[in-house]
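Below is one structure, written out as structure tokens; the observations come after it.
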Amino acid sequence: MKFQNNPFKTLAILIYIVFIFISLLLGFTPGKQIAKNFVLFFIEMLKILPCAFILIGLFEVWVKKERVEKHLGKESGLMAYFWIILLAGTTVGGLYVAFPVAYSLYNKGAKLSIIFAYIGYSAICRIPMTIFEASFMGIKFSLIRLFVSIPLVSIGSIWLGNYFEKRDYKVMIGK
């Protein structure tokens, strides 16, 4: 992967750092809150991402490409969506873990519609999130949300996957 020096990104980061520094010096409350949120988010990422990347690395090494292709590849049927719901439901760390997992699945031969479904399901079907939601909104609300969301994500991912596969789309990183 080739990293390019982008002057706009560098300028944006520099402006952010200067804004935070001046806010801390002058006691500007919104700037101090932004700095606090950044630190809290950064610490949260340090807790989750290393473990997630170790597990993704183990997945890359231990799970054979043929197995992923068999269950989630081009020849897989509707059962693939059931498997991917189970995987997405147990994904910890939200979408910042789901995207690397999705890329790993793609490299192992999962079809695009399954990748899109996994990203969608990992946003709506995570077990801890659903339990938390049910405790506040009620089980009826959570079940209705799941029974409406899952088919919509499935249909959308199938349509989107077919659209891109017809155009021979390939995922490219670093471009």
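For the pairing with Tyr121, the side-chain contact (heavy atoms from CB on, under 4.5 Å) check across Leu87, Leu86, Val153, Thr91 returns one residue only, Val153. Put simply, the residue from Glu66, Glu60, Arg67 that forms a side-chain contact (heavy atoms from CB on, under 4.5 Å) with Lys108 is Glu60.
Heavy-atom minimum distance, Ile114 versus Leu72: CG1-O, 3.6 Å. A pairwise comparison of heavy atoms in Phe59 and Ser104 identifies CD2-OG, 3.2 Å as the closest pair. Summarising the geometry of His71 relative to Ala80, their closest heavy-atom pair is O-CB, 3.2 Å, with the distance given to 0.1 Å. Residues Ile124 and Met129 approach most closely at O-CE, 3.3 Å, considering heavy atoms. Summarising the geometry of Tyr118 relative to Ala88, their closest heavy-atom pair is CE1-CA, 3.7 Å, with the distance given to 0.1 Å. Between Ser142 and Thr130, the shortest heavy-atom distance links the atoms OG-O, 3.9 Å.
Classified by interplanar angle (parallel below 30°, tilted 30° to 60°, perpendicular above 60°), the ring pair Phe41/Tyr96 is perpendicular.
A distance-only check finds a donor-acceptor pair linking the side chain of Glu165 to the backbone of Leu112 [under 3.5 Å]. For the pair Lys32 (side chain) and Ser23 (backbone), a donor-acceptor distance under 3.5 Å is absent.
Separation of atoms CZ (Phe116) and CG (Leu160) is listed at 4.0 Å; rounding is to 0.5 Å. Phe38 contributes atom CZ, which lies 10.0 Å from atom CD1 of Ile43 (distance to the nearest 0.5 angstrom).
When hydrophobic clusters are built by joining Ile, Leu, Val, Met, Phe, Trp and Tyr residues whose side-chain heavy atoms come closer than 4.5 Å, directly or via intermediates, Leu40 is not grouped with Met45.
Under the 4.0 Å criterion applied to side-chain N and carboxylate O atoms, Arg145 and Glu133 are assigned as salt-bridge partners.
Between Tyr103 and Phe99, the gap from one ring centroid to the other reaches at least 6.0 Å.
At least one side-chain heavy atom of Ile34 sits under 4.5 Å from a side-chain heavy atom of Phe19.
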